[in-house]
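A short write-up of the structure that comes next.
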Amino acid sequence: MAPATPPSNTAAPAFSLFDADITSAPKPFRKPGHKTPSRRIKNAKQIAADEMKRIQSLPDESRSAALMDTPTYLNVEAPPSVMPRKWWCDITGLKASYRMPNNGMRYHNKEIYEVIKHLPPGVDQQYLQLRSANVVLR
Amino acid sequence: MSYSTPEPASIMASALPAVSSSAAASAGLIQEFPPAKLYQLPEIPVPQFITPAADYREGVPIVLDLGTSQTRAGFASDITPRFQFPTQIARYRDRKILRTFTLIGSDANYDANTRQAAKSPFDGALVANWEYLETILDYTFVKMGVSSQGQVDNPVIMNEILATPLAQHKHMQELLFETYSVPSATLGIDALFSYHYNNGNTGLVVSAGNETTHIIPVVNGRGILNQAKRLNWGGHQASSFLLSLMQLKYPHTPAKISPWQAEMLMREHCYTAPVSYADEVEHYLDRDEGFDERNHIIQAPFTEVIAPVKTEEELAKIAERRKESGRKLQEQAAKIRLEKLMQKEQDLEYYRSIESKSDQVSQKEFKRLLDAEGIRDENELSKMIKNMDKSIKRSRKQDVGNGDEESDTEEMTFPLLEIPDDQLDPDQIKQKRHQRLLKSNYDARMRAKAEKKREREKKEEEERKDEEWRERDLEGWIKDRREQRAQIMARMKEKQKLKEDLNNRKSLASQLRMKSIANLASEGPSGATTPTNSGGARKRRREDGEDDGFGVDDNDWAVYRDIANASDTEEDDEMAESIRKIEEQLNAFDPKFSLDSSLEAQSNWMNSLVHAFLRGSRPFDPASRAEAHQIHLNVERIRVPEVLFQPSIAGIDQAGLVELASDILLRRLSKQDSVSACKDVFLTGGFSLLRGFDDRLRHELRATLPVDVELGIRRAEDAVLDAWKGMRKWVNEKDNLKNNMLTREEYMEYGPEYIKEHNMGNRALT
């Protein structure tokens, strides 16, 4: 068996937080008094939506170019697959020949069926969430 | 995450059939296992302080590979990046000294508090928080030792993602030219830089990064970006997928895995199925020789709880002490009982003497005697005497009855009992009384013995008959046994079904149960729900003192057992025991029956797929602290990387890597370009370091490409650092530095949204 080790990392870094603090470090390269205009924090979805808006508002000619030939963030996105989808057991990852009728989970054999049947409430949705197949209440 | 489930064991472990070691032993399955190979869960490294560079010179280009996971920075004069650090920032406020620390990179791993505060400026592959990014750039320039006054007086070459939204490009150029006033800057795609470093000219670049995977065809050194594709899956998504899988697999494990540890586990243990996932996974959990190699056991750190071990001597001493005190107690109790008995006997003697006086003294005198004792009349006295006699007998029996059975095998004799009282003296009469007691005691024991013997004989007789039957008609006997077994199994199944049904509020079983509860609560007979028997009438009847007759039949009480909803463990054990017996007999006499098909073997962990999945090839000891802190990686090792080839596994509605690549090669490129691109499929990016990734891609691409097309697949020299090296190589090429970088003047003239095109960069709108 493995040797018993203490559960936490006991070694401390060889420098202090004051050394590491970047706000107090000398920054001669910064223009004195210059402040970068602050920008709103946007998540990836908002950024993509803004880019969409920008392309929509382009003059006709460049818009059709942007939609057709020029690579943009939106049109380099990989398209959905055209191949038939394969199913794998949601719990073990093995080949799944069966589907649970009440929640749609895929399973490998009757032993896994028993496991799924006795999952605590809500856990089936957590498994389905792994492949974005969970029920989302809005 | 946690579940509101009462049982502490893992949910799946609880669904596992419980197998005791004794059961396994009886089935002959006890097996010795060599010690398992354990992998330790990695610990986050202690941060090392980066001292700012001392050899800063103005004008030397700064090469900056700003990745979503790691940032690498160095001068164009360096051969490898001067330093790299995780792209993260922690704002940590120390409340004691009222100061906020801003920590970048590995400094953010300073301690548990700062680690918790660590954040990334990125969301996916895009910059979400520009303030964080600016701080990270500040940190980078500080560590580069930049000392030019009021500006970063070096050309800067940086990376950006394929087809970045224009706003991102604009913000980055604004930052570089306005905040840092760089003389010139260029932004390019890291995957193309990496290909450039590896002397690529025409080929297909597959860049599996931390947040995205890009597939970019390159013709004559120039990326064909409008045919490039982005798959929203990278190392970060893979490691969080692995983490979620682990959390669901071991919901109750005390070992907590951090995202960083999940990433390390993914890098170290995951690999791409070499030919196809379906082939690889089919026998993955089979218990063959290779299973221990496929199943990696990760040992999380734990502290062993050491129970104080007592020596043999100590144990013996404790047992002796316990025995001694028990004996003392018994002695004391016996003494007290004896004293009480004697007291009672004396009392009895005294009352007897009073009784015997009744015909010696006058009626009046006798009445006086009785009054003095507080006794009403003669009848009461005789009743009292009778009662006392009985209780004496009982207490004697108690003392004698505990004797073990062997002691009274010899015939006991009671000679005085045959002689009438008048021939005996008072002493002998007393002895006779004693003997009478002993005799009744002895007789009772003998009767019990005889009963037992009869039962044993009956059983032997049954067994003999059974044997006879078996010898006479083996087939019939086997058929009978099999039927019995099937019956018990059916009953067990039925019970299990009922139990499950009771968990479902809407099932018939639980509705019937609710009905009987309602009946009992209304305190009426079982037929109380019939409309003719209204509640009012029942109440009146109870007030009249009339009994409803509940309990006359013993079966009435079964209703309480029915509604209790508790598992009847006694009956379960009984059924399991009888099944075991029948199976033993069948095993001995039925040639078609083998222990493999027995119930025990069916519920044995050796045959359980779930056990193999959760606990590997060895038995699981729930008491072991070490095993409680173990995590088994088996199917996950190939399941996680497989998402790149089948994104639907993780719910990504995009085509897989091979589908995308073959689509580009076969349909998007001209015939001539396609043929030369197939010769050089180039893999780069940290996520592409997965073992077997190139082989798998080769195997699958080969299957989709025409036979006469030559296919070449190669990995980058260093999939992680080659982007940086490619940027350095590019900027060191005279022409590029002079003509292809965006200068300050151009920036001023064309504005921050201007994209200066070059072979490695993004395209401007035409």
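Here the structure is a predicted model, which is why all the values come from computation and not from measurement. Just so it is clear: chains get the letters A, B, ... in the order the sequence lines come, proteins before strands, and each one is counted from 1.
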* Structure fact -> Applying a strict 4.5 Å limit to non-hydrogen atoms, the region of E636(B) in contact with chain A is neither

* Measure T100(B) against the heavy atoms of chain A and call it side chain, backbone, both or neither at under 4.5 Å. => backbone

* Asked: For chain B, which residues from residues 45-52 of chain A have at least one heavy atom closer than 4.5 Å to it?
  -> I47(A), E51(A)

* If you look at every heavy atom in E77(A) and N232(B), which pair is closest and at what distance? -> OE2-ND2, 2.7 Å

* To do: Would you give the length of the straight line joining atom CG of D124(A) to atom CG of L248(B), rounded to the nearest 0.5 angstrom?
  => 10.5 Å

* Structure fact -> In short, P13(A) meets V46(B) closest at the heavy-atom pair CA-CG1, 3.5 Å

* chain B heavy atoms under 4.5 Å from P26(A): which part of the residue, side chain, backbone, both or neither? -> backbone

* With a 4.5 angstrom heavy-atom cut-off, which part of I652(B) approaches chain A: side chain, backbone, both or neither? -> neither

* Asked: So, for Y73(A) and I161(B), which heavy atoms are closest and what is the spacing to 0.1 Å?
  -> CE1-CD1, 3.6 Å

* CG of N762(B) to OG1 of T70(A): how many Å apart, nearest 0.5 Å? -> 11.5 Å

* Over 12 foreign heavy atoms within 6.0 Å of OH, Y98(A) -> no

* Structure fact -> To the nearest 0.5 Å, atom CD1 of I22(A) lies from atom OG1 of T102(B) at 8.5 Å

* To do: To the nearest 0.5 angstrom, please state how far the CG atom of L94(A) sits from the OH atom of Y284(B).
  => 11.0 Å

* Asked: Taking all non-hydrogen atoms of both residues, which atom of S244(B) and which atom of L130(A) are closest, and how far apart?
  -> CB-CD2, 3.4 Å

* Heavy-atom proximity to chain A below 4.5 Å, by part of L166(B) -> both

* Structure fact -> Applying a strict 4.5 Å limit to non-hydrogen atoms, the region of E174(B) in contact with chain A is side chain

* To do: With sequence neighbours excluded, tell me which residues meet side-chain contact (heavy atoms from CB on, under 4.5 Å) with K86(A).
  => W88(A), Q646(B)

* R30(A), part contacting chain B, at a heavy-atom distance under 4.5 Å -> both

* **Interatomic spacing from CG in D21(A) to CZ in R99(B) - rounded to 0.5 Å** => 4.5 Å

* K35(A) versus chain B, heavy atoms under 4.5 Å apart: side chain, backbone, both or neither? -> neither

* Atom CD of E131(B) and atom OG1 of T36(A): how far apart are they, to the nearest 0.5 Å? -> 9.5 Å

* **Donor-acceptor pair, side chain of D123(B) and main chain of A44(A), under 3.5 angstrom** => yes

* Portion of S38(A) that has a non-hydrogen atom of chain B nearer than 4.5 angstrom -> neither

* With only heavy atoms counted, which part of I55(A) is less than 4.5 Å from chain B, the side chain, the backbone, both or neither? -> neither

* F49(B), CZ atom: more than 12 neighbouring heavy atoms under 6.0 Å -> yes

* Using non-hydrogen atoms and a 4.5 Å limit, figure out which bit of L609(B) sits close to chain A: side chain, backbone, both or neither. => both

* Asked: Side chain, backbone, both or neither: which part of D153(B) has a non-hydrogen atom closer than 4.5 Å to chain A?
  -> neither

* L17(A) and Y92(B): which non-hydrogen atoms are nearest, and at how many Å? -> CD1-CE2, 4.0 Å

* Asked: What heavy-atom pair brings P79(A) and L660(B) nearest, and what distance separates the two atoms?
  -> CD-CD2, 3.7 Å

* Asked: At a heavy-atom separation under 4.5 Å, does L285(B) approach chain A through its side chain, its backbone, both, or neither?
  -> side chain

* At a heavy-atom separation under 4.5 Å, does N109(A) approach chain B through its side chain, its backbone, both, or neither? -> side chain

